[in-house]
Amino acid sequence: MLNKNEFALNLLEWYHINKRDLPWRQTNDPYKIWLSEVMLQQTQVQTVIPYFNKFIDKYPTLDDLANADEQEVLKDWEGLGYYNRIRNLHSAVKEVQYTYNSIVPQKPKQFFELKGVGPYIGGAVQSIAFNHRIAAVDGNVLRVMARLNEDNRDISKQSTVKSVKSYVESIIPLESGDFNQALMELGATICTPRIPKCLSCPVQSHCESFKSNSVLQYPKKKSSKKKTELYYNIFLILNDKNEVYMFMNESNLLKGMYKFPKYDIDTSIGTIEEELNLKLSQLKEPIAEEKHVFTHQVWYMNVYLLYTNSESEHFIKIKDVSDYPMSVAMQKVFKHLN
DNA sequence: CAACCGTGGAT
DNA sequence: TATCCAAGGTT
């Protein structure tokens, strides 16, 4: 059983000496802390840093972000992935603007009700910005706690996360924000997934799995399922005005991002002409093949070049394409026009 | 609740 | 190349 007071003391002492100097640790602004937590969702620190700096430079206050055009914000998020994160955050800061006079709610209940604020981000922001004693349980914390207690439960189950959250809140000290960050920092730098640095660990003496030499057996997690493989034809349709056919994606995957016409490989040109209301040139061999891997899908894309004299509101000047938010998958397609 | 939702880096 | 992982949330 964990000696709570001694554990927290050891961990916090280590953290205060060893914490990394990250951009979002140079501010007490709840908005900026919130932004960083949203960016850090399932995304590595090194990836987030340049995006965070760009956003803070361009949208220094909550009102700057709230007043911004959604498509421009999406464009600035381009390449970071999980695009609903920024769509939800944009919506949430607008909510804060008109409901809370542009002040990030200090009442946990109010903050947790905002779009895109779940158990982790809610706990992180409320503890770091306002010192509320709420846990912030991410993948790092799940791994650290599983190893400390030789916890055999599956960390991919929501019930486990909920239970660990309660456990952390039973040991969380008054310095709640630092404690939450210290647990994550420990997981990110010492108690790492593959080669943990147990000999440098400040809480080694509290660790059950270290005592029994079973650290690498934790955390328990069910293996991920196989990705669905999908085969598509992507069409770069050009007219005689240096324009290409492009439109906003409405489906859940990559919602709000622009795309080129994308069809299952067995879809006939006639069907496509009918759906797009265009008269198209004869189909020739694909000019390229591309593969793109998502969390749960793999796209194998054949890239085709087509021409038309038909008119449509969906034609965009090729030189202006880069002004529109586009997924990496579609960027891989578009690069073959250059 | 299990499935969905991006991307890049490490091994 | 295949798999896992990374400061998770929504449905």
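These numbers come from a predicted model, not from an experiment. Throughout, a chain's letter reflects where its sequence line sits, starting with A, and its residues are numbered from 1.
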*What string of B, S and - do you get for nucleotides 1-7 of chain B 5' to 3' if you count protein non-hydrogen atoms under 4.0 Å?*
SB-SBBB

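One atom, CD1 of A:Ile155, and another, P of C:dA7, lie 12 Å apart when rounded to the nearest Å. Rounded to an integer number of Å, the gap from NZ of A:Lys221 to P of C:dC4 is 9 Å. If you measure from atom NZ of A:Lys226 to atom P of C:dC4, you get 12 Å, rounded to the nearest angstrom. Note: CG (A:Leu142) to P (C:dG8) measures 9 Å, nearest angstrom. When rounded to the nearest whole Å, the span between NZ of A:Lys165 and P of C:dG8 equals 14 Å. As a whole-Å value, the separation of A:Lys162 NZ from C:dG9 P is 15 Å. Taking atom CG of A:Leu216 as the reference point, atom C1' of B:dT11 lies 14 Å away to the nearest angstrom. Here the P atom of nucleotide C:dA7 and the CG atom of A:Asn140 are 4 Å apart, to the nearest Å.
Annotation: side chain to side chain contact (heavy atoms under 4.5 Å, CB included) contacts of A:Gln106 (sequence neighbours excluded): A:Phe130. A:Lys262 is linked by a side chain to side chain donor-acceptor pair (under 3.5 Å) to nothing, counting only residues two or more places apart in sequence or in another chain.
In this structure, the side chains of A:Leu35 and A:Tyr59 stay at 4.5 Å or more apart for every pair of heavy atoms.
The aromatic rings of A:Tyr324 and A:Tyr258 stand perpendicular to each other, their planes meeting at an angle above 60°, with 30° marking the opposite boundary. The aromatic rings of A:Tyr263 and A:Phe235 lie tilted to each other, with the angle between the two planes from 30° to 60°.
Among the protein residues, A:Ser36 comes within range of no part of the nucleic acid, since none of its heavy atoms lies under 4.0 Å from any strand. Among the atoms of the strands shown, only primed sugar atoms or phosphate atoms (P, OP1, OP2) are found under 4.0 Å from some heavy atom of A:Arg143. Within 4.0 Å of A:Trp299, counting heavy atoms only, lies no atom of the nucleic acid at all. Residue contacts shown for A:Leu22 include a base, since a base heavy atom lies under 4.0 Å away.
For the contact set between residues 194-202 of chain A and DNA chain C, defined by any heavy atom under 4.0 Å, the members are A:Arg194. Using a 4.0 Å cut-off on heavy atoms, none of the residues of residues 168-184 of chain A approach DNA chain B.
For the pair A:Lys220 and A:Tyr218, the cation-pi test (distance below 6.0 Å, angle within 45°) is passed.
Taking atom P in both C:dC4 and B:dA3, one finds a spacing of 15 Å when rounded to whole Å. Rounded to whole Å, the separation between the P atoms of C:dA6 and B:dC5 comes to 22 Å. Look at the P atom in both B:dC4 and C:dA7: the space between them is 24 Å, to the nearest Å.
For A:Asn28, the CG atom is loosely surrounded, since the number of other residues' heavy atoms within 6.0 Å does not exceed 12. By the 6.0 Å contact criterion, CG on A:Asn277 is open, its count of non-hydrogen atoms from other residues, nucleotides or ligands being 12 or less.
Here the CG-CG distance, from A:Asn67 to A:Leu62, works out to 9.0 Å after rounding to the nearest 0.5 Å.
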*Kindly indicate, with the supporting measurements, whether the criterion salt bridge (charged side-chain N to carboxylate O under 4.0 Å, His left out) is fulfilled by A:Glu78 and A:Lys75.*
CA-CA 5 Å; A:Glu78 183 184 88; A:Lys75 177 68 187 175; 3.0 Å; yes

Expected list for residues 156-164 of chain A: side-chain donor-acceptor pairs under 3.5 angstrom, two or more places apart:
unit_1: A:Ser156; atom_1: OG; unit_2: A:Asp154; atom_2: OD1; d: 2.5
unit_1: A:Ser156; atom_1: OG; unit_2: A:Asp154; atom_2: OD2; d: 3.1
unit_1: A:Ser156; atom_1: OG; unit_2: A:Lys222; atom_2: NZ; d: 3.4
unit_1: A:Thr160; atom_1: OG1; unit_2: A:Asp154; atom_2: O; d: 2.7
unit_1: A:Ser163; atom_1: OG; unit_2: A:Arg153; atom_2: NH1; d: 2.8
unit_1: A:Ser163; atom_1: OG; unit_2: A:Arg153; atom_2: NH2; d: 3.4

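Aromatic ring centres of A:Trp299 and A:Phe294 lie closer together than 6.0 Å.
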